[in-house]
Amino acid sequence: MSRSVKDNICVLVALMRRWNINHVVVCPGSRNAPIVHTIAETDGFICHPVTDERSATFVAIGIADATGECVAVCCTSGSAVLNLAPGVAEAFYRNIPLLLITADRPKEWIGQMDGQTLRQSDVFGEHAKTFDIVDYSLTDATGLQSHWAAERDINEALSILTSDGGSPVHVNIQLNEPLFDFSDDALPAVRKIDWERCVLSDDAKAEWQSAKRPMFIIGQMHLAESSRFADILSSVASRYDIPVLAEHLSNYYGFNKIGRFDDILAWTENGELSDDALSSLEPDLVIYVGGHIVSKRVKKWLRKVRPVLWHVTEKNRVVDLMMSVRRMVKMTPSDFFSQLAAIDNTSSKTGFFKMWNGYVSRIGDSCGEMLSAFNVTHKAFDYINDEVVSGRRRWIVALANSSTVRTAQRCDVASGVEVVCNRGVNGIEGSLSEAVGCALASPDKNVLCIIGDLSFFYDMNALWNVNLPQNLTVIVVNNGCGSIFGTLKGLEKSKWQWPYVAAKHSTSVRGWAEAVGCRYVELTNIADLAFNGGEIIEAFVK
């Protein structure tokens, strides 16, 4: 048997077999010829040749009606794609799962008067979601990553076929010339991403029961959201000695929390943690709940380890942050952990959390007297923690991005403190504005915004507000530049690192703070750090 050397084609065909698509209606053409050839050469497919694309989708609908199965239609590029549209609309309104496979020209040639080219992406509008699958060679530097991206996107496309009652889906395969190299003799190994909806399957239960070193990761969540499942998650974690990797933005305050995992992984960079020690911390099953995490180290580490990963979500979208997701679990976290708690894990080895926690106990966290970003942030959290534990006041901490959110992760936070940050796209904009919004909407709480100088100046108009809340305190950690740009390896080779990239300056926030009616405090002694609301505290740090 011979197959196309095009990796995007082979990933598609291999996953079609894994998802049990048997019937394919094939239309003539040169651009789609390598797709048709590879399908026809692969055992298990039944091909139905139809010359007229206008008819092809309706033939596929008839096959779907007769068999109750998902059916694929494959056509060439250009106007042939438009001829599928009437049948696609019919399938959409009848909830018939049709997989529309269209060959496409390279993106750079669209609109350049090249033959049989038109804008095929999203050509069916809301009647079929489009997934564009780019053509890269596996020998290319981007080959491995593009293989993973194709695998991820095609899995999501095939899952949509049968979700929410059934729907047509469009997979648009971009192909560069040469097209007709059929020298591959086997399909690649591919990872099928299964979906668990409402109730965990027997396969999922068995996978959980056999996991020897499971781990939970909790991404960004609102405090109210994480509180809904914290108790049941804590129960499962403590029963099986499971570490729960959770940054402050998770707002998780249950058992077995490992907050400073980034510091532990950092030890590998300077030799404090051996490869053997690091391998002893590797999970075989990771269950990921919630939104974004900040740590680049844990992402890089788990992408290398590639444990089996389940992602718990309420969306119909594949998210594969660690490049190893095997199950998308469409449930609320509360429903998921309630089901998990009812399934005994017969293989989990005790001591996994204790091992992680043993490394945490070695991390130093004392606050010094020098005005540094860490010491100022540490002192601020100590102040808030004392107030929360004593019951004097409730707090929300709004963190800016870049260095600020990473520095804060090295500090302890008391249970009940809500931590927020704009981690959707991690941008410089809006950190101060978000803090103002939190303060306006929470008059019964105090809000502390910890922010760097560049982020403050970028968003300073947030304080230009006639209703500026008096329950807001802003600490500006001013080191005269974007300090994170001093940590990027290789950038030191550029003489423009500090004046252009890091935007070095000698500006103070005093003038603006006083102009908008805030009390301005210049922090000169870290022991004097205290706040009651309505002030801007500027710390010139080293």
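On a predicted model such as this, the values are computed, not experimentally measured, just so you know.
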**OP:** Report the distance from atom CH2 of Trp19 to atom CD1 of Ile193, rounding to the nearest 0.5 Å.
**Re:** 8.5 Å
Original post:
If we only count heavy atoms from C-beta on, is the Ser201 to Arg327 side-chain gap below 4.5 Å?
Top reply: yes
Original post:
By side chain to side chain contact (heavy atoms under 4.5 Å, CB included), which residues pair with Ala14, not counting sequence neighbours?
Top reply: Leu187, Val190
Original post:
Is there a donor-acceptor pair under 3.5 Å between the side chain of Ser226 and the backbone N or O of Asn251?
Top reply: yes
Original post:
How far does OG of Ser431 sit from CG of Asp459, to the nearest 0.5 angstrom?
Top reply: 7.0 Å
Subject >> Polar side chain donor-acceptor pair, Thr332 to Asp335, under 3.5 angstrom >> reply: yes
Subject >> Exercise: do Asn401 and Arg423 side chains pair donor with acceptor under 3.5 Å >> reply: yes
**OP:** Answer yes or no: is there an ion pair linking Asp262 with Arg297, defined by an N-O contact shorter than 4.0 Å?
**Re:** yes
Subject >> Within 6.0 Å of OH in Tyr240, more than 12 heavy atoms from elsewhere >> reply: yes
Subject >> salt bridge (Lys or Arg N to Asp or Glu O under 4.0 Å) partner of Glu156, chosen from Lys315, Lys129, Lys192, Arg317 >> reply: Lys129
Original post:
Any donor and acceptor pair, going by atom type alone, linking the side chain of Asp284 with main-chain N or O of Ala211 inside 3.5 Å?
Top reply: no
**OP:** For Gln339 and Leu200, indicate whether the former's side chain and the latter's backbone hold a donor-acceptor pair under 3.5 Å.
**Re:** yes
Subject >> Any donor-acceptor pair under 3.5 Å from Arg213 side chain to Glu282 backbone >> reply: yes
Original post:
How are the rings of His311 and Tyr288 set to each other: parallel, tilted or perpendicular (split at 30° and 60°)?
Top reply: parallel
Subject >> Spacing of Leu245 atom CG and Phe261 atom CZ [to the nearest 0.5 Å] >> reply: 5.0 Å
Subject >> Test item: Glu196 side-chain N/O and Ala204 main-chain N/O as donor-acceptor pair under 3.5 Å >> reply: no
Original post:
Between Asp320 and Arg326, is there a side-chain N and carboxylate O pair less than 4.0 Å apart?
Top reply: no
Subject >> Derivation and outcome, side chain to side chain contact (heavy atoms under 4.5 Å, CB included), residues Phe381 and Ile450 >> reply: CA-CA 10 Å; Phe381 272 98; Ile450 306 178; 4.1 Å; yes
Original post:
Above 12 or not: heavy atoms from other molecules or residues under 6.0 Å from CG of Asp231?
Top reply: no
Subject >> Ring geometry between Phe336 and Trp310 (parallel below 30°, tilted from 30 to 60°, perpendicular above 60°) >> reply: perpendicular
Subject >> Gap separating the OG1 atom of Thr350 from the CZ atom of Arg239, nearest 0.5 angstrom >> reply: 14.5 Å
Subject >> N/O donor-acceptor pair under 3.5 Å between Arg260 side chain and Arg410 backbone >> reply: yes
Original post:
About how many Å separate CD of Glu151 and CE of Met323, when rounded to the nearest 0.5 Å?
Top reply: 9.0 Å
Original post:
CZ of Arg510 to SG of Cys518: how many Å apart, nearest 0.5 Å?
Top reply: 13.5 Å
Subject >> Asn172-Asp132 side chain donor-acceptor pair, cut-off 3.5 Å >> reply: yes
**OP:** Check whether the side chains of Glu538 and Tyr520 place a donor and an acceptor atom closer than 3.5 Å, and report yes or no.
**Re:** yes
**OP:** May I ask you to test the Ile173-Leu175 pair for a side-chain heavy-atom distance under 4.5 Å?
**Re:** yes
Original post:
Do Ser347 side-chain atoms and Gln209 backbone N/O form a donor-acceptor pair below 3.5 Å?
Top reply: yes
Original post:
Within the side chain of Asn155, is there an N or O that forms a donor-acceptor pair under 3.5 Å with the backbone of Val318?
Top reply: no
Original post:
Counting only heavy atoms not in Lys107, do more than 12 sit closer than 6.0 Å to its NZ atom?
Top reply: no
Original post:
For atom CZ of Phe255, is the number of surrounding heavy atoms from other residues, nucleotides or ligands below 6.0 Å larger than 12?
Top reply: no
Subject >> Under 3.5 Å side-chain donor-acceptor pair for Ser279 and Asp276 >> reply: no
**OP:** Compute the ring centroids of Phe216 and Tyr252, then answer whether they are less than 6.0 Å apart.
**Re:** no
**OP:** Provide the closest heavy-atom pair for Asp453 versus His505 in the form atom of the first, atom of the second, distance.
**Re:** OD2-NE2, 2.6 Å
**OP:** Would you indicate whether Asn525, at its atom CG, is surrounded by more than 12 heavy atoms from other residues, nucleotides or ligands within a distance under 6.0 Å?
**Re:** yes
**OP:** Give a yes or no answer on whether the side chain of Lys379 reaches the backbone of Ala530 with a donor-acceptor pair at less than 3.5 Å.
**Re:** no
**OP:** Applying salt bridge (Lys or Arg N to Asp or Glu O under 4.0 Å), run through Glu272 and Arg362 and close with a yes or a no.
**Re:** CA-CA 11 Å; Glu272 292 182 51; Arg362 290 167 44 186; 5.2 Å; no
Original post:
Do the side chain of Asn478 and the main chain of Thr507 share a donor and acceptor less than 3.5 angstrom apart?
Top reply: yes
Subject >> Single hit among Ile451, Val476, Leu472 for side-chain contact (heavy atoms from CB on, under 4.5 Å) with Ile536 >> reply: Val476
Original post:
Do Asp386 and Arg392 pass the salt bridge (Lys or Arg N to Asp or Glu O under 4.0 Å) test, and can you show the C-alpha distance, the side-chain angles, and the key distance before you say yes or no?
Top reply: CA-CA 9 Å; Asp386 182 61; Arg392 287 195 296 272; 2.7 Å; yes
Original post:
Trp195 and Asn316: side-chain donor and acceptor closer than 3.5 Å?
Top reply: no
Original post:
Taking atom NE2 of His222 as the centre, does the number of heavy atoms from other residues, nucleotides or ligands within less than 6.0 Å exceed 12?
Top reply: no
